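Remarks on the structure that follows.
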Amino acid sequence: GNGMIGGEEVAVILELLARGFTGRWVRDAAVRHYIAHERQTIRYLRRYYTGLASTGALLGDDDPEESQTLFGRPRWAWRAVLQYEAAYRLHRLVSSPEVWIEDLKRASFARGALKASERRSLPGAKDIWAV
């Protein structure tokens, strides 16, 4: 779909280990990452961090704060979306990217938490999200 749910690399590695494969971590291995231009945009970063929250929900990384809800969604996420989106927009006007990017990430992550909780409340979604 249009979502950005990740974690597939971890799932593959865990499956390989479960099947008896072994591996090695090479700490000093040289890795060169190529980042496509379309992944260097505000839109992509929003989608990425929104998807990161959805991935966490899918894997069961729920926060105890999520038990407090507003309109069936985590109360902390409503506050965080408003707070960090406002901070992002203000800092975007007056600060360097090192400052406003953190607000963008936090606002997007909170938005993802709201979306994930919406999906879990859909009829039949309980089975999908109970991993």
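Computed from heavy atoms alone, side chains included, the values below leave out hydrogens, waters and symmetry copies. As the structure is a prediction and not an experimental result, all values here were calculated from the model.
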Rounded to the nearest 0.5 Å, what's the gap from [atom1] on [X] to [atom2] on [Y]? Could you check?
X     : Y      : atom1 : atom2 : value
Arg92 : Asp103 : CZ    : CG    : 12.0 Å
Arg39 : Leu45  : CZ    : CG    : 11.0 Å
Glu85 : Leu90  : CD    : CG    : 12.0 Å

Is there a chain of hydrophobic side chains (I, L, V, M, F, W, Y, each step under 4.5 Å between heavy atoms) that links Ile101 to Tyr84?
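No; tracing contacts between hydrophobic side chains, which count when under 4.5 Å, never links both residues.
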Joint cluster assignment, Leu52 & Trp76, ILVMFWY side-chain distance < 4.5 Å
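Same cluster: Leu52 reaches Trp76 through Ile, Leu, Val, Met, Phe, Trp or Tyr contacts under 4.5 Å.
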[X] to [Y] - nearest heavy-atom pair and separation:
X     : Y      : value
Ala53 : Ala113 : CB-N, 3.5 Å
Ala80 : Ala110 : CB-CB, 3.6 Å
Tyr44 : Glu38  : CB-O, 3.5 Å

Taking the side chain as every heavy atom from C-beta outward, state whether Arg46 and Arg111 have any atom pair closer than 4.5 Å.
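Counting from C-beta outward, Arg46 and Arg111 do come under 4.5 Å.
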Minimum side-chain heavy-atom gap Tyr88-Ile42 below 4.5 Å
yes
Between Ser108 and Thr50, is there a donor-acceptor pair closer than 3.5 Å when you use the side chain of the first and the backbone of the second?
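Checked: no pair found.
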Go through the steps for Arg73 and Val81 under the test side-chain contact (heavy atoms from CB on, under 4.5 Å), then give the verdict.
CA-CA 12 Å; Arg73 310 284 181 267; Val81 165; over 6 Å; no
